[in-house]
Amino acid sequence: MNHIILIGFMGAGKSSAGRLLAEEGRLSFVDTDELIEARERTSISRIFAKRGEPYFRDLETETLKELKKETRRLVIAVGGGLPMREENRRLLKELGTVVYLQADVDTLAARLDGDTTRPKLQGGPLREKIETLMRAREETYLQTAQKVLNTTGKSLIQTVKEMERDVL
Ligand code: S3P
């Protein structure tokens, strides 16, 4: 099944753009974080706090394996850290077309300011945290995606229109 999968940093707009793209293409939308929260019946923050990050990362891999059984074509938004595991990158490629929603650090910092739901960004200067994580991740995002879409300076509608044209 050739699903459309959106990867990228926290705050890049994967869920908002994915939801809208699915609507436009009359596809179903799923978000791996939401699937995990529903399965565990608790929030991502609590999963990190109570069970630790490795447990959460295993849930991400399990979720991708579950999605391979899906028969409807989907738009799938995945958590920002999910592509960092090699097994997940293989699963993503098997699931369909991977799109990297790219955004610059200023845009991300503005969008993530005041966020309390993302454990990887708590307790320290936000901008530095974003820069450090981005440095560790960007190359992997670029190598995993078949399509890179720079969203900086674009509205949500513009981003979705580009994806409709290129990957729908
Ligand atoms: C994470 C990103 C989050 C969520 C978790 C960890 C990360 O998803 O999976 O907080 O490591 O980048 P979003 O990218 O949807 O915010």
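Remember, predicted model here, so these are calculated numbers, not experimental data. Whatever order the structure lists ligands and atoms in, that order sets their numbers, starting from 1.
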Salt bridge check: are [X] and [Y] linked by an N-O gap of less than 4.0 Å?
| X | Y | answer |
| --- | --- | --- |
| Arg39 | Glu66 | no |
| Glu86 | Arg89 | no |
| Arg85 | Glu60 | no |
| Arg90 | Glu94 | yes |

For ligand 1, which is the ligand I care about here, please tell me if [X] has any N or O atom under 3.5 Å from one of the ligand's N or O atoms.
| X | value |
| --- | --- |
| Gly81 | yes |
| Gly8 | no |
| Arg118 | yes |

* Asked: Can you tell me if Gln143 and Tyr100 form a side-chain donor-acceptor pair at under 3.5 Å?
  ->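 Distance-only check fails for Gln143 and Tyr100.
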* Gly79 heavy atoms, cut-off 4.0 Å: which ligand 1 atoms fall inside? ->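 Near Gly79, meaning under 4.0 Å from one of its heavy atoms, ligand 1 has 8 (O), 9 (O), 14 (O).
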* Asked: Under 4.0 Å from any heavy atom of Phe56, which atoms of ligand 1 are there?
  ->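 Those qualifying, in numeric order: 9 (O).
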* Asked: With a 4.0 Å heavy-atom cut-off (strictly under), which part of Arg137 contacts ligand 1: side chain, backbone, both or neither?
  ->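 Side chain only.
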* To do: May I ask you to identify, for Lys120, whether its side chain, its backbone, both or neither come under 4.0 Å of ligand 1 on a heavy-atom basis?
  =>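 The answer is the side chain of Lys120.
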* To do: Closest by any non-hydrogen atom to atom 6 (C) of ligand 1: pick that one out of Glu37, Met84, Arg57.
  =>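 Comparing heavy atoms across Glu37, Met84, Arg57, the nearest one to atom 6 (C) of ligand 1 lies in Arg57.
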* **Options Leu6, Asp33, Asp31, ranked by nearest heavy atom to atom 8 (O) of ligand 1, top entry** =>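 Shortest heavy-atom distance from atom 8 (O) of ligand 1: Asp33.
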At what distance is the nearest protein heavy atom to [atom], and which residue and atom is it?
| atom | answer |
| --- | --- |
| atom 5 (C) of ligand 1 | Ile44 CG2, 3.8 Å |
| atom 10 (O) of ligand 1 | Pro119 CD, 3.5 Å |
| atom 14 (O) of ligand 1 | Lys14 NZ, 2.6 Å |

* Would you say Ser45's side chain and Pro119's backbone share a donor-acceptor pair under 3.5 angstrom? ->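 Absent.
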* To do: Could you tell me whether a side-chain N or O of His3 sits under 3.5 Å from a main-chain N or O of Leu74, the two making a donor and an acceptor?
  =>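 Judged by distance alone, yes, a pair lies under 3.5 Å.
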* Among Arg51, Arg57, Lys50, whose salt bridge (Lys or Arg N to Asp or Glu O under 4.0 Å) with Glu53 holds? ->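 Exactly one candidate clears the test, Arg57.
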